[in-house]
2 protein chains.
Amino acid sequence: MTGDLVEALGRIVGPRWVRHRPAELSTYAADGLPTHEATPGAVVLPGSKREVAEVLRLLHLLKVPFVARGAGTGLSGGALAHSDAVLVTLTRLNRILAVRPEQRRAVVEPGVVNAKLSEAVAPHGLYYVPDPSSQSACTIGGNVAENAGGPHCLKYGVTTNHVTALQVILPDGETLRLGSPQGESWGPDLVGLFIGSEGMFGVAVEITVRLEPLPRAIRTVFADFLSLRAASEAVSAIIASGVVPAALEMMDQSCVRAVEASIYATGARTDAAAVLLAELDGSLESVEADGAVVEGLLRAHGAREVRSAYSPADRGRLWQGRKKAFGALGRIAPDLAVQDAVVPRSVLPDILDQVSAIRDRLGLQISNVFHAGDGNLHPCISFDRRDRDQTRRVEQASREIMEACLAVGGSVTGEHGVGSDKVEYMPQAFSAAALDLMCEVRRAFDPEARANPGKVFPTHTCREWRRGGAA
Amino acid sequence: MTGDLVEALGRIVGPRWVRHRPAELSTYAADGLPTHEATPGAVVLPGSKREVAEVLRLLHLLKVPFVARGAGTGLSGGALAHSDAVLVTLTRLNRILAVRPEQRRAVVEPGVVNAKLSEAVAPHGLYYVPDPSSQSACTIGGNVAENAGGPHCLKYGVTTNHVTALQVILPDGETLRLGSPQGESWGPDLVGLFIGSEGMFGVAVEITVRLEPLPRAIRTVFADFLSLRAASEAVSAIIASGVVPAALEMMDQSCVRAVEASIYATGARTDAAAVLLAELDGSLESVEADGAVVEGLLRAHGAREVRSAYSPADRGRLWQGRKKAFGALGRIAPDLAVQDAVVPRSVLPDILDQVSAIRDRLGLQISNVFHAGDGNLHPCISFDRRDRDQTRRVEQASREIMEACLAVGGSVTGEHGVGSDKVEYMPQAFSAAALDLMCEVRRAFDPEARANPGKVFPTHTCREWRRGGAA
């Protein structure tokens, strides 16, 4: 990156908010997925939406690509920039601009940490529903880019169901408002389109979100099983019963053992093949009734031990293993590749058998955490990225797992996005015509494809524009 | 329309499925909104998706605009075609192609009548959630075009929350699949973008929808109030309580009187200023508990009479007035203009005062039906379209009501779409830059703007393309 550009960026945001020395840049060379790395040409940290707009206008004039980044907790290599691009980090835009309890809305900047918003609105008896596992670190702007999910999305939907309006800055620096605070979309739904666009359509600088009332009662049910298949069948039975748990999470034996060997140990028995957590919320009467249904189904499907809790402290203990699973897995090896795929619930046991076979054949350690109710699996591969051969086998295993999921009609991302990691699968999942159309839509926002280049679409896909004649 | 085109269309679909004589065309000159009329150049009724594709390819070659139409029950003049355009009516594509109870999915053609799908899947204990008031006539294709809502969308969301994948034919005749049956969007969410695009992006020929388990228990609570404001405050109190009713509907006195004067009379007392219906669903225990909360709040806010029902027959009686309201209003005058707007719930009473003032000043009869929980109001203006002066006053009243809603931060459509009727408000609700961007996105699907021309965007808005250079 030229010194001139660095200096010009410094004039906009102040020189201390531009990073360009190799040691500074290395901090930004990865996100939460350790198999991918890239070092940006420069990093700029604007302090206001006006500065974001000025930075984007400058980069537009100079035809320099850019990548927007939140906390960098993403798991698809989506927030990586190469040396020809500027990384625009939005963590300084971290203000909650308005809370409107009467209308159940809040307006936040993109750098607001997910969990901080729920903390801030709790005195009004409200919370922000989407709860990615990284919610104590990840930002709402990043959640918008990835259309992030979380355990409680089974009942309540993902980020797109909880954002009603956006103020965005397009890649040419133009600022505009999309959607309406009330939340009805009319005309083409650009808010829904922007959410999950993985940084390709511009930068959201103000996000209007729905707030929901805190549940009146919550009941968490824990069960362990001696067979993973039995646990999966219990999940299907719960869903079929018509009870809609707020969350329905599963961990396999490898994961339980990692937790129980760590400081997060919960006393779960490590001979369990799987542990299931179901959470019910609503009125006290309904969680009691639904809990009884769920407990009955768990026992009918062979649960060895079933525990139930209502108080925050007791529920926290039941959740602890799941919440700290990634941390506990981090003790096994220096690096952890958390994968993401979705399959029809009914084939979960078969896919898990295939994951085990891949693990054994490639000599890797794979632990599984699932949003089981959604059929969203997260195989977690422990490894050491300094070991080239092992890293290659991790990539191989990821590929084989993804292909197995596609083969049963699944998707290769449930909530982590396509980013760098899943680009290669796009042509397997979408026809050339559908990819073409996606590229055309992108062009409406970013005719030069300068925003997050190289992500989501295989590079050859968007190289030419089929429609409209300009090319 | 030339005889050549009529003949060419006939060669694709068979001559009996092309209408071109004035008497035939007059059937298609209006949809559910009687203030707008237009007569298409020709009407074609394809019998398969292959025929739809061939028709669209032919129209593309000839540069002829077209309008897709379902049952024509829409309330924004969205399915009207002018004499230079061909109306493509999809009612013959009315097959349920697949029902997959295990995966809770069905695949339907666009002409399937909404209520027929729920009937067909009921033996599996499932139903299709979105329930527009016209559900016994409207089609799922039309619901997709309009992103239709309905009374139960308060708890369960609108059409876009219940469609996971689409097969669409673009305006140039190309067929492609959008989305994945599992329902995760990855890459830009073209399914979400297509839903609610009001026929501007192409024709959906296969629609994959979610099915949900029939509620285990349902309780309907009916209350009448001597003050509309008190009823509105009861609505706010119910929402604030954290109980999420499946539906929360309101009718004003004029509406109640119309029902009670009709064959649909329910025995409601006609001195009531408002009638409120709350429906609760879930486990028996939860609907009992939530029902007690709701009944308590209704009484605390001055409800005169509160009735509650569990059985389908008893619930049907409580719902009858609301379900038949439009029919009953049809007895008052030959025509009924059902308007659509959304305001923050807290200002509902103020908006209703303004509607009353507009009614009195313009000498009209306006009855109000609301999806009260959403702040979605439907002022229904009774009139006779043969009376030119009265029709002009109806249009004036609609305009004044819309402007009042916009002034309090509301939207001028909640679920009926923009169509022909709301075009003029787009520039009041969206900036030129946002409208521009919508037009650009439309261009990705339809570079010639031949699909449903003149709807949604004021004609000058999309006349030129800002980005990309081609114009």
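Naming: A, B, ... by sequence-line order, numbering from 1 per chain.
Once rounded to the nearest 0.5 Å, the distance linking CD of B:E174 with CG of A:L437 reads 8.5 Å.
Shown here for B:D189 and A:G192, the closest heavy-atom pair between the two residues is CB-O, 4.3 Å. Scanning both residues, B:S286 and A:S286, for their nearest heavy atoms gives CB-CB, 2.8 Å. Across all non-hydrogen atoms, the minimal contact from A:R443 to B:R443 is NH1-NH1, 4.2 Å.
Within the 4.5 Å cutoff, side-chain heavy atoms of B:P188 are placed close to those of A:M200. The closest side-chain heavy-atom distance from A:F430 to B:L176 is not below 4.5 Å.
Per-residue heavy-atom pair counts under 4.5 Å with chain A were compared for B:T175, B:L435, B:L178, B:D290, and the maximum is reached by B:D290. With chain B as the partner, the residue from A:G149, A:G157, A:S283, A:P101 showing the most heavy-atom pairs under 4.5 Å is A:S283. In terms of non-hydrogen atom pairs under 4.5 Å with chain A, the most contact-rich of B:A434, B:P344, B:A429, B:G196 is B:P344. Put simply, of B:G417, B:S346, B:G282, B:S431, the one with the most heavy-atom pairs under 4.5 Å next to chain A is B:S346. By number of non-hydrogen pairs under 4.5 angstrom with chain A, the leading residue of B:E212, B:R104, B:M426 is B:R104. Chain B forms the most heavy-atom pairs under 4.5 Å with one residue out of A:N147, A:L190, A:L284, A:V456, and that residue is A:L190.
For A:V343, the part lying under 4.5 angstrom from a heavy atom of chain B is the backbone only. A:R177 touches chain B through its backbone: at least one of N, CA, C or O sits under 4.5 Å from a heavy atom, while the side chain does not. Contact annotation for B:V412: both backbone and side-chain heavy atoms come within less than 4.5 Å of a heavy atom of chain A. Of the atoms belonging to A:N376, not a single heavy atom falls under 4.5 Å from chain B.
For B:F457, there are no ring-ring contact (aromatic ring centres under 6.0 Å, His included) partners two or more places apart in sequence or in a different chain.
Of residues 238-245 of chain A, those residues with a non-hydrogen atom less than 4.5 Å from any non-hydrogen atom of chain B are, in numerical order, A:I239, A:A240, A:S241, A:G242, A:V243.
Summarising the local packing, CD of B:E424 is surrounded by more than 12 heavy atoms from other residues, nucleotides or ligands at distances under 6.0 Å.
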